[in-house]
Amino acid sequence: MPDSTIKPQTKAKPKLERPKLYKVILVNDDFTPREFVVRVLKAEFRMGEDQAAKVMLTAHQRGVCVVAVFARDIAETKATRATDAGRAKGYPLLFTTEPEE
Ligand code: TYC
């Protein structure tokens with residue numbers, strides 16, 4: 001009788017971590033004109049006028065507002081581009097990124 005040992009058909013399945021998402025955060029300041037903030041939000045984050053105005057106003061009133069959530073490199077690229085758009089006009093407009101919990 002052949003020694004037929006039955007092997008359990010189990011394959012180690014490496015658990016892939018879901019890549020972390022990063023928030024892009026708009027920071028209020030006293031100098032950047034409201035209309036300019038709205039223009040940058042529309043151009044860089046493809047927001048409509050109403051949504052951009054809401055986000056701008058929330059940052060204006062509360063100090064910060066989450067703009068959107070992306071994979072890390074996209075969040076950082078967008079935050080840098082949007083911040084640079086302000087700097088090009090001499091404004092202290094600031095977008096930062098922060099990992100989601
Ligand atoms: N506080 C600015 C003003 O009164 C407008 C502003 C809003 C600037 C949001 C930055 O993230 C900001 N002109």
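Read the numbers this way: they start at 1 and go in the same order the structure lists the ligands and their atoms.
For the pair K78 and F70, the cation sits on the ring face: its NZ or CZ lies under 6.0 Å from the ring centre, inside 45° of the axis.
With L26 as reference, L41 is the one residue of L41, V64, T83 to meet the side-chain contact (heavy atoms from CB on, under 4.5 Å) rule.
Looking at E100 and K20, their side chains never come closer than 4.5 Å, going by heavy atoms from C-beta outward. Annotation: side chain of D29 is not in contact with side chain of L94 (no heavy-atom distance under 4.5 Å). The closest side-chain heavy-atom distance from F95 to L93 is below 4.5 Å.
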For residues 42-56, dump all side-chain donor-acceptor pairs below 3.5 Å to protein atoms at least two apart in sequence or in another chain.
residue : atom : partner : partner atom : Å
K42     : NZ   : E49     : OE1          : 2.5
E44     : OE1  : R81     : NE           : 2.9
E44     : OE1  : R81     : NH2          : 3.2
E44     : OE2  : R81     : NE           : 3.0

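Ligand 1 is surrounded by L26, V27, N28, D29, T32, R34, V37, M56, A59, H60, each with at least one heavy atom closer than 4.0 Å.
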